[in-house]
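Structure record follows, encoded as structure tokens.
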There are 2 protein chains.
Amino acid sequence: MHKEHTLTKNQQIIFDLIDKSPEPMKAYSILFSVQKKGIKAPLQVYRALDKLVEIGKIHKIESRNAFIACHNSSCQVSKATAFSICEICEKITEISSASLSKYLANFKDKDGMKYSKYNLEFFGLCKKCR
Amino acid sequence: MHKEHTLTKNQQIIFDLIDKSPEPMKAYSILFSVQKKGIKAPLQVYRALDKLVEIGKIHKIESRNAFIACHNSSCQVSKATAFSICEICEKITEISSASLSKYLANFKDKDGMKYSKYNLEFFGLCKKCR
DNA sequence: ATTTAAATTGTTATAATATAACACCATGTA
DNA sequence: TACATGGTGTTATATTATAACAATTTAAAT
């Protein structure tokens with residue numbers, strides 16, 4: 001489980017917004033949405049995002065510069081993320097596969113190095129778009 | 001093997017630069033380096049980068065917005081990339097592991113969906129930094 | 001050789017993403 | 001009390017990336 005953090009006001013506002021969103025949100029679209037709640041500057045958004053990523057409440061989809069809430073209740077997911085991305089409709093889903101995460105968590109490279117963290121993005125066409 | 005493409009002048013200049021670089025290069029640092037060769041505008045750089053990525057001569061490290069030459073001679077590497085990233089010194093290496101690429105190429109999600117493409121970034125500490 | 005289509009180039013302007021720096025405030029704790 | 005830590009608000013700026021348009025080059029295909 002995630003360690004419980006008490007979110008601050010800005011963090012809570014921004015987390016709630018991302019959590020309710022059916023799709024990943026971009027920073028400036030978040031900014032636009034929360035301006036009515038008094039969050040006016042990009043930095044206020046980025047600071048909250050940074051913290052939320054750090055504590056594992058949200059993840060960043062690196063190839064899209066977008067943020068999605070974590071719905072994965074297993075441990076340490078913030079350090080081990082996998083997503084599927086539809087290249088047509090841009091539907092993005094967090095993949096939760098025990099075998100995948102086990103494989104990657106145990107992966108060692110040629111030098112025997114193990115990694116503390118990874119991010120994997122799969123691309124293809126979703127059911128609808130095929 | 002990569003399909004052979006004849007690179008255009010700008011593409012060749014930019015590929016050579018990235019290929020010789022010991023570390024991934026960022027777009028504007030590339031721009032700065034090639035200005036003496038007559039490439040003056042960001043778009044000229046980004047267009048060449050886009051093409052080089054498309055044909056698999058370079059890869060983009062998404063989490064770093066940086067570009068690295070592909071030194072992997074096996075097929076289809078442009079659609080199946082894996083990197084190791086040292087979080088301290090930022091040393092980045094392309095991982096070439098047959099078992100890893102086999103595992104990921106064959107990975108199916110819960111719905112039985114297979115993916116045409118993936119990008120994996122591992123994070124940890126390199127030998128030197130440990 | 002001439003035409004034509006496709007890709008590439010050069011250029012200016014602008015959009016989108018992200019951080020620096022600084023002053024201030026809230027909270028916990030020694 | 002003091003002091004450390006983390007969060008906030010603000011302005012300005014840095015960094016990354018694309019839009020739009022005209023001109024040119026390239027490589028086939030007549």
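This structure is a prediction, so every number in the text was calculated from the model and none was measured. Just so you know, these numbers use all the heavy atoms, side chains as well, and skip hydrogens, waters and symmetry mates.
Between A:Asp50 atom CG and C:dT17 atom P the separation is 15 Å, expressed in whole Å. Note: CG (B:Leu43) to C1' (C:dA15) measures 12 Å, nearest angstrom. As a whole-Å value, the separation of B:Phe67 CZ from D:dT16 C1' is 9 Å. As rounded to whole Å, 14 Å separates atom C1' of D:dT15 from atom CD1 of B:Ile30. Atom CZ in B:Phe15 sits about 16 Å away from atom P in C:dT8, given to the nearest Å. Rounded to an integer number of Å, the gap from A:Ile13 CD1 to D:dT8 C1' is 12 Å. Rounded to whole Å, the distance from CD on A:Gln12 to P on D:dG7 is 14 Å. Atom NZ in A:Lys51 sits roughly 10 Å away from atom P in D:dT8 (whole-Å rounding).
Note on A:Gln44: every side-chain N or O is 4.0 Å or more away from OP1 and OP2 of D:dT8. When the side-chain nitrogen and oxygen atoms of A:Asn65 are compared with OP1 and OP2 of D:dA17, none of them lie within a distance under 4.0 Å. In this structure, B:Lys9 does not reach the C:dA7 phosphate: none of its side-chain N or O atoms is under 4.0 Å from OP1 or OP2. Contact between the side-chain N/O atoms of B:Lys60 and the OP1/OP2 oxygens of D:dA17 is found at a separation under 4.0 Å. A close approach under 4.0 Å does not occur between any side-chain nitrogen or oxygen of A:Tyr46 and OP1 or OP2 of C:dT19. Residue B:Lys40 places at least one side-chain N or O closer than 4.0 Å to OP1 or OP2 of C:dT11.
With contacts defined as side-chain heavy-atom distances shorter than 4.5 Å, the pair A:Leu120/A:Ile95 does not qualify. Residues B:Phe67 and B:Ser29 have side chains not in contact (no heavy-atom distance under 4.5 Å, counting atoms from C-beta outward). Side-chain contact between A:Leu104 and B:Phe122 is present, with at least one heavy-atom pair separated by less than 4.5 Å.
Taking only distance into account, the side chain of B:Tyr28 meets the base of D:dA17 through a donor-acceptor pair shorter than 3.5 Å. Evaluation of atom-type donor-acceptor distances gives a pair under 3.5 Å for the side chain of B:Arg47 against the base of C:dG10.
Nucleotides of DNA chain C nearest to B:Thr8 and B:Pro42 differ in position, and the one nearer the 5' end is that of B:Thr8. Both B:Ala41 and B:Gln11 sit near DNA chain C, but only B:Gln11 has its closest nucleotide nearer the 5' end.
Summarising the geometry of B:Leu17 relative to B:Met25, their closest heavy-atom pair is CG-SD, 3.7 Å, with the distance given to 0.1 Å. Of all heavy-atom pairs between B:Glu87 and A:Ser116, the closest is OE1-OG, 4.2 Å.
The side chain of A:Lys26 lies closest to C:dT17 when the candidates are C:dT17, C:dT19, D:dT16.
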